[in-house]
Amino acid sequence: DAGVTQSPTHLIKTRGQQVTLRCSPKSGHDTVSWYQQALGQGPQFIFQYYEEEERQRGNFPDRFSGHQFPNYSSELNVNALLLGDSALYLCASSLARGSSNQPQHFGDGTRLSIL
Amino acid sequence: DAKTTQPPSMDCAEGRAANLPCNHSTISGNEYVYWYRQIHSQGPQYIIHGLKNNETNEMASLIITEDRKSSTLILPHATLRDTAVYYCIVRPAGGTSYGKLTFGQGTILTVHP
């Protein structure tokens, strides 16, 4: 039973570029959440997708956008990259968006470095 | 969102029980307590969660006080591989914040040989 998988594992971009990160949820999960983790900090919630729609959003600018596909996989897009966007981007999946009794399971993230 | 308070760091001897405390004095009646851990360079790993009753699984036990204002995660026989940052999270059951996990700074647990 595959867990949450993310690609790529590492990525280097320059300021002003755009990036797309990908996530495949754990088998049977239908909800995907994205988090940003700066060095030495805890993960910060970006947004959550369910039924192919953004359902909840954290305090991130609209340079951060996403998509969920019919197979529940998801993409995180970041435009106009800034040096401060350098971080570990984590995807988490869960079952049943509406239930706080369902744990989120995380992938190992994509390490994004902005030069 | 209910705030959690954890000690910044703790040490434990290998083979002994590790007891990690968490204060969440503003927790609401329908909010769950979740514990995750993060080993260096990996994503957070789900450990356990609970609402009111004590919970146990293959990884750990969760003890929640009767007033629900604090909890303790217990790793019964710590190993070197348990060295990680441990996060205690209170998860809203509804409203606009229920979908997200709010991570604090966590507790750095170091298990010594």
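If you're wondering where the values come from, they're calculated on a predicted model, not measured in any experiment. Residue numbers start from 1 in every chain, and the chains themselves are labelled A, B, ... in the order their sequence lines are given, proteins ahead of strands. We use all heavy atoms of the structure for the numbers below, so side chains are in, but hydrogens, waters and symmetry mates are not.
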Chemist: Is there a path of hydrophobic side-chain contacts, each under 4.5 Å between heavy atoms, that joins A:Leu81 and A:Leu11?
Modeler: yes
Chemist: Answer yes or no: does atom CG of B:Leu80 have more than 12 heavy-atom neighbours from other residues, nucleotides or ligands under 6.0 Å?
Modeler: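 Yes, CG of B:Leu80 has more than 12 neighbouring heavy atoms, counting only those of other groups under 6.0 Å.
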Chemist: Looking at B:Tyr36 and A:Gln104, would you say the former's side chain and the latter's main chain have a donor-acceptor pair under 3.5 Å?
Modeler: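 Side chain of B:Tyr36 to backbone of A:Gln104, a donor-acceptor pair under 3.5 Å: yes, one is there.
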Chemist: If Ile, Leu, Val, Met, Phe, Trp and Tyr residues are connected whenever their side-chain heavy atoms lie under 4.5 Å apart, and connections chain through other members, are A:Leu39 and A:Ile114 in the same group?
Modeler: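 Cluster IDs for A:Leu39 and A:Ile114 differ.
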Chemist: Is there side-chain contact between B:Lys100 and A:Gln56, with at least one heavy-atom pair below 4.5 Å?
Modeler: yes
Chemist: Minimum heavy-atom separation for B:Gln105 and A:Gln41, please, with both atom names.
Modeler: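 Minimum heavy-atom separation between B:Gln105 and A:Gln41: NE2-OE1, 3.2 Å.
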Chemist: Is it the backbone or the side chain of A:Gln6 that comes under 4.5 Å from a heavy atom of chain B, or both, or neither?
Modeler: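 Neither part.
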Chemist: Determine yes or no for a side-chain-to-main-chain donor-acceptor pair under 3.5 angstrom, with A:Tyr35 supplying the side chain and B:Leu101 the backbone.
Modeler: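 A pair under 3.5 Å: yes.
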Chemist: Kindly work out whether a path of hydrophobic side-chain contacts (I/L/V/M/F/W/Y, heavy atoms less than 4.5 Å apart) joins A:Leu112 to A:Leu115.
Modeler: no
Chemist: State yes or no: do B:Ile27 and B:Tyr86 share one hydrophobic cluster built from I, L, V, M, F, W and Y residues joined by side-chain heavy-atom distances below 4.5 Å, directly or via other members?
Modeler: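 As far as the 4.5 Å side-chain criterion goes, B:Tyr86 and B:Ile27 are connected within one cluster.
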Chemist: Would you mind telling me which of A:Gly58, A:Gly109, A:Pro103, A:Ser33 has the largest number of heavy-atom pairs within less than 4.5 Å of chain B?
Modeler: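 Going by pairs under 4.5 Å, I would pick A:Pro103.
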Chemist: How about CZ on B:Arg16, more than 12 heavy atoms from neighbouring residues, nucleotides or ligands closer than 6.0 Å, or not?
Modeler: no
Chemist: Throw together a table of side-chain donor-acceptor distances under 3.5 angstrom for residues 106-113 of chain B, partners on residues two or more places apart or in other chains.
Modeler:
| residue | atom | partner | partner atom | Å |
| --- | --- | --- | --- | --- |
| B:Thr107 | OG1 | B:Gln6 | NE2 | 3.4 |
| B:Thr107 | OG1 | B:Pro7 | O | 2.5 |
| B:His112 | NE2 | B:Asp11 | OD1 | 3.4 |

Chemist: Treating Ile, Leu, Val, Met, Phe, Trp and Tyr as nodes and any side-chain heavy-atom pair under 4.5 angstrom as an edge, say whether A:Trp34 and A:Val4 lie in one connected cluster.
Modeler: no
Chemist: What parts of residues 42-75 of chain B touch chain A if we use heavy atoms and a cut-off under 4.5 Å?
Modeler: B:Gln42, B:Gly43, B:Pro44, B:Tyr46, B:His49
Chemist: Compare every heavy atom of A:Gln37 with every heavy atom of B:Tyr87, then report the nearest pair and how far apart it is.
Modeler: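 Shortest heavy-atom contact: OH-NE2, 3.7 Å.
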Chemist: Are the ring centres of A:Phe45 and B:Phe103 closer than 6.0 Å?
Modeler: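 So the answer is no for these two rings.
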Chemist: Taking all non-hydrogen atoms of both residues into account, name the closest pair between B:Tyr34 and A:Asn101 and its distance.
Modeler: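 Closest heavy-atom pair between B:Tyr34 and A:Asn101: OH-C, 3.4 Å.
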